[in-house]
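Report on the following structure.
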Amino acid sequence: MINVTMTVNGREMTGEVEARTLLVQFLRDHLRLTGTHVGCDTTQCGCCIVHVDGKAMKSCTMLAVQAQGKAITTIEGLAAKDGTLHPMQQAFRDNHALQCGYCTPGMVMMGIDIARRLPDADEATIRHQLEGNICRCTGYQGIVEAIKSASAVLNGKQEGGSHA
Amino acid sequence: MGEFAMGQPVARFEDPRLLRGGGRYIDDLVLPNMAHGYVLRSPHAHAKILSIDTSAAQKLPGVLAVLTGQDWADSTFADLPTATGRKRRDGTPMYRPPFPGLVKDRVRYVGDCVAFVVAKTIAQAMEAAELIEIDYEPLPAITSTADAILPDAPRVWEETPDNIHFVHTEGDKAATDAAFAKAHHIAKQRLVLTRVTAASMETRGAVGDYDAAADRYTIYSPLQRALVFRAELMTTLRVPESKIRVVAGDIGGSFGMKSGVFNEVGIVLLASKIVGRPVKWISTRSDSFLCDAHGRDNVTDVELALDKDGKFLGMRVKTIAAVGSYTQPGSESGPVGNLGTLAGVYTTPAIDVDVTAVFTNTNPMRPYRGNGRPEAAYVVERIIDVAADEMGIDPVELRRRNLIPPEAMPYKTALSFKIDCGEFEKNMDMALVMGDYAGFEARRAAARKRGKLRGIGVSNSIERAAAPGFEGSEIRFDRTGSVTVLSGAVTQGQGHETAFKQIVCDDLGVSPNDVHYLQGDTDQVFFGEGTGGSRTAGIGGSALKMATTKIIDKAKKIASHMMKVDDVECVEGLLTSRSSNRSMTMKEIAKASLDPKNLPVGMEAGLNASAVYTAHVQNYPNGTHVCEVEIDEETGQVELVEYNVVDDVGNVINPLLLKGQIYGGVAQGVGQILMEEIRFDPESGQNLSGSFMDYAMPRAEHFPHITVKSSPVPTQTNLLGVKGAGEAGCVGAMPALANALVDAMSHLGVKHIEMPATPERVWRTMEAAKAARA
Amino acid sequence: MHNFNYHLAADVQDAVAKLSKSEDGKIISGGMTLLPTLKNRLSAPSDLIDLGNIDALRGVVVSKTEVTIKGMTCHADVAANADLQRVLPALANLAGIIGDPAVRHRGTIGGSVANADPAADYPAAVVGLDGVVETNQRRINGDDFFISLFETALEPNEVITAVHFKVPDAAHYMKFRHPASGYAVVGVMVARYGKKVRVAVTGAGPNVFRVPAMEAALEQNFAPEAIANVAVDADDLLGDMHCSAEYRAHMVGVYARRAVAAIVG
């Protein structure tokens, strides 16, 4: 067994894992942060995306030991303490960007990553950037609209209204 | 009108929880002392099991039990429930193959459940499974639906030498033959409806928990119909239903697939009973391709007879449909349950349908998004385009000549549908304007200059929603006036919580923050049928409407008694007496209802109501899809460039939810036409599409912006005037897109293209047409 | 996944030492191919030696004549490198369409090249851009590096430290994605160096390959029509249920012409 320590959603977390323990297993099974989901076993679906040192990564294709010393943000770490949703979460709600909710955490984490890297992304760009995220319910339309509108808020291009 | 009233685009109440990672899906469930199970599956499509040796696996550290088909057979459990009620062509009852949780001496598809290892961790279970030694004697397998009825096809079941499960006919053969005899033109086409899989993003899973002290079973598993599920499970567990609790939790998509009692449900319960711990089984994605029930998969020959003016005289449909290797209750409905859609929105006077359902060495089949509706719409809307092309009539004009006019309502079609209402020509005209059908040829010409072949496709569709049945609902006001709403329906993502809270908040004037929605737990929900077949808005919504009406009636009586007046009215939950100028909120009434002095003599305390709504007739959502594609002539790559939908789902409870259903349904239809397919190796019977590396899923980049507009014609078949919306998108999408593809290539002489229209298939289709012309 | 011993290497020497000491060890860089392989129990190494902490293995160095990408540089950093976008945009663009954004944040050039997946993109650049693979032991010409399916010239204890590319006058990469996996079914890199031309194809065959007949034709006349009648032999290519060998052969021709057309403008 190996000891790992990482910062998860702002808190330092320590655990004992096997070498083969995946980051997603550490988050879900050890820390009981079950918002990060597993939707496939071939690194295709993106349900498991978290931020590692601020960048979107697939936590199903990363060992927990590889996250040693890193800062992880999961879906549970986005909303404010009072429950106010992150602008990306709020935009997902406003644009009906989720149905069953299973792909949603990965979509939201990827949406924030897209907004960070490509503040001017148009609809077509956002669609291409979602090539590693599969949703079976929504037909993607609400998701694309949500990312576009939240990106404008996050990049200071638009008043965020009540949730800014 | 209140902010939650019918038609308001209310943002979903379930979203904040789901968006913060607060969903509680099956794999999130951890029970004290829980063990983990792994299913060892058959690697053969068809084989005899000569021997199984589990001794090495049993000895591995952490292993608690290794179960085989013998253990299943020796247990107190009966086999899993199977389909009933159909007959063979000679009128004899269909063969109902046994469906054990674990098979003992023969495997019948790649994925069949052979052994179940229970261990303290899933890693230990998987390692132990590798140590199980099984001696198989492979047998010839049949995976092709069309070939299953050939005389020399391998037999899936000895009891059905012809592999035929059942035969179903519908319509009027004599009248159809007569119609064809006087036809001016007959269009014919073979259409292959491919096998696809629901691939809900959450895979299946189950946690079984047997309480020996209480002799009671609890099963946690995603499903669609908790109470029906319990009744089916009862036949396997051989205990009274009251000894079983079914809990659904949050469900990460289902689309029909998760609606049955699967092997693993029985297995985890048996395992829990044996090892004395809760036992969890979760399917991996790769596993899911081997063990989930699949959808569609039929081969249909269709003929349409027309007179010289293009009037439809008759239609013949002959289908061979797969049921897979085993059956489940409801699995028989896919091939035959929704044939009514074949009549479409047209006046075709005579239709003859003949369906042969066949066993193959493949996964069992279940309903999938539309369950026969998209298949039927594809058949009728494709053959119309084939006929239009052959007769040189514009496909829209040909449809127009045959539409059922609104003044003919209610209209009895030549099949089972008696359509209560609908304005089909209006739908079509609206959609044609949205899609600028008139200006299409200019776009085609412009695309041609860019090296692209552009095509446009139209489909009109209609389907049966909310088949006769019932649904239960309950409203419980708590002591302080907050509310718990329960429904027998089970959302898998559709947004029931929002739609139901809208009804409750609008009718009773309560705040959504005060309302808790509860579903899918048979110890909590008193009555109901569940969600499927586009039934919940109409039937479940009506049940809730009945319950709010009961609450309002009671509240009025309490208010009258308390205010000592007789003119209390309830408007948006406020109980007002005009004569006394006094009013009370529902919350105040609820609190007051627990003080005897506030109640009329003989009235029960509390503000609670339950209701069961019974739907005696179905309704008929309908609509028109118009889409455009561009094909790269050199590569065969298809780009979907325009998509417009007009839907009539009657009154709209929440346009956000409705559009979400349409977008999602369109995406699944597009997926099947362009890329998705479960394929088996014809020789070995192996599933060649066993992961997302080989099974192509539609992604965001495959779609243009989709525009949806409603043209509601409210139905009288339920209390809300709503028609079903869950399946409509998928039903219309398949034929519209297929028609657009053929239109793009028709100048080359292309008459039809099979699904999925992968780049290579499109390229080959064009090359073959060019070669035939040369 | 079977368990293994995990080692975080301090530097390349340390990695090689740990690798040679292990029974059946493997280097892990980004892990984008290796981890899925382990998860599906298709491979069970005794040890994984992680290069993730070796900062010296990260970076892109761009000069007018040569581009050097250090082994542990992730695809996203290659794609986003402004100097590279200016000097050799074809390479930045190639890196920017590998996998998906999350994969590009972890996947590395060293891992991709060492793994030699026939459907990977980078091999088309290594061969098409006259590359040199640098290891802890030597420099290997790109043309000699890829041997066959998942097989390279790397010796057991050899670790890729950098890949060098010769800056062409012009180059373009075209990729046809697999409908399900998104990997390259056909990826064509066309590069022009003065009068010399390189055409490298990944995805279509069991190994990246050059198309000498196309190169010769383009050296005569650098125009799409020059290779209109140059076909590659489908017998040498891979096929699966999505894309047959014949279709891949066809697509190599189409994408080579389109790459040339993109360069010519």
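Chain identifiers are assigned alphabetically (A, B, ...) following the order of the sequence lines, protein sequences preceding nucleic acid strands; residue numbering begins at 1 within each chain.
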Query raised in the report: Considering only heavy atoms, which portion of D113(A) lies under 4.5 Å from any heavy atom of chain C: side chain, backbone, both, or neither?
Result: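 For D113(A), the contact with chain C is made by the side chain alone.
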Query - Part of M62(A) lying under 4.5 Å from any heavy atom of chain C - result: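 Both backbone and side chain of M62(A) come within 4.5 Å of chain C.
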Interchain contact, [X] with chain A, by part (heavy-atom threshold 4.5 Å):
| X | value |
| --- | --- |
| I28(C) | side chain |
| L34(C) | neither |
| N3(C) | both |
| T37(C) | neither |
| A180(C) | backbone |

Query raised in the report: With no hydrogens and no angle check, is any side-chain donor or acceptor of H105(C) less than 3.5 Å from a backbone partner on M57(A)?
Result: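 Judged by distance alone, no pair lies under 3.5 Å.
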In Å, rounded to the nearest 0.5 Å, how long is the span from [atom1] of [X] to [atom2] of [Y]?
| X | Y | atom1 | atom2 | value |
| --- | --- | --- | --- | --- |
| S59(A) | R106(C) | OG | CZ | 10.5 Å |
| L35(C) | L63(A) | CG | CG | 5.0 Å |
| Q66(A) | Y6(C) | CD | OH | 5.0 Å |
| D100(C) | I49(A) | CG | CD1 | 6.5 Å |
| K55(A) | R104(C) | NZ | CZ | 12.5 Å |

Requested in this report: Please name all residues satisfying side chain to side chain contact (heavy atoms under 4.5 Å, CB included) with N136(C), sequence neighbours left out, ordered by chain then number.
Outcome: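 Side chain to side chain contact (heavy atoms under 4.5 Å, CB included) check on N136(C) returns V12(C), V16(C), E158(C), V159(C).
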Query raised in the report: With C100(A), which residues qualify under side chain to side chain contact (heavy atoms under 4.5 Å, CB included), at least two apart?
Result: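 For C100(A) the side chain to side chain contact (heavy atoms under 4.5 Å, CB included) partners, ignoring immediate neighbours, are Y102(A), C137(A).
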Requested in this report: Please check if atom CD in E151(C) has more than 12 non-hydrogen atoms from other residues, nucleotides or ligands closer than 6.0 Å.
Outcome: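 Yes, CD of E151(C) has more than 12 neighbouring heavy atoms, counting only those of other groups under 6.0 Å.
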Query raised in the report: Around atom CZ of R11(A), are there more than 12 heavy atoms of other residues, nucleotides or ligands at under 6.0 Å?
Result: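 Incorrect, the count does not exceed 12.
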**Report entry** When I2(A), T42(A), D41(A) are compared by non-hydrogen pairs under 4.5 Å with chain C, the top option
**Finding:**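 The candidate making the most pairs under 4.5 Å is D41(A).
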Query raised in the report: Relative to chain A, which of N40(C), V103(C), I97(C) shows the most heavy atom pairs under 4.5 Å?
Result: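 Top option by heavy-atom pairs under 4.5 Å: N40(C).
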Query raised in the report: Could you name the residues of residues 19-26 of chain A that have a heavy atom within less than 4.5 Å of a heavy atom in chain C?
Result: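 Interface residues of residues 19-26 of chain A: A19(A), R20(A), L22(A).
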Query raised in the report: Applying a criterion of heavy atom separation less than 4.5 Å, what residues of residues 118-125 of chain A form contacts with chain C?
Result: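 From residues 118-125 of chain A, none sit under 4.5 Å of chain C.
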Query raised in the report: What's the shortest heavy-atom distance between M110(A) and P101(C), and which atoms?
Result: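 Looks like CE-CB, 3.8 Å.
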Query raised in the report: Under the side chain to side chain contact (heavy atoms under 4.5 Å, CB included) criterion, do T61(A) and K39(C) qualify, and how do the steps go?
Result: CA-CA 9 Å; T61(A) 312; K39(C) 281 162 66 179; 4.2 Å; yes
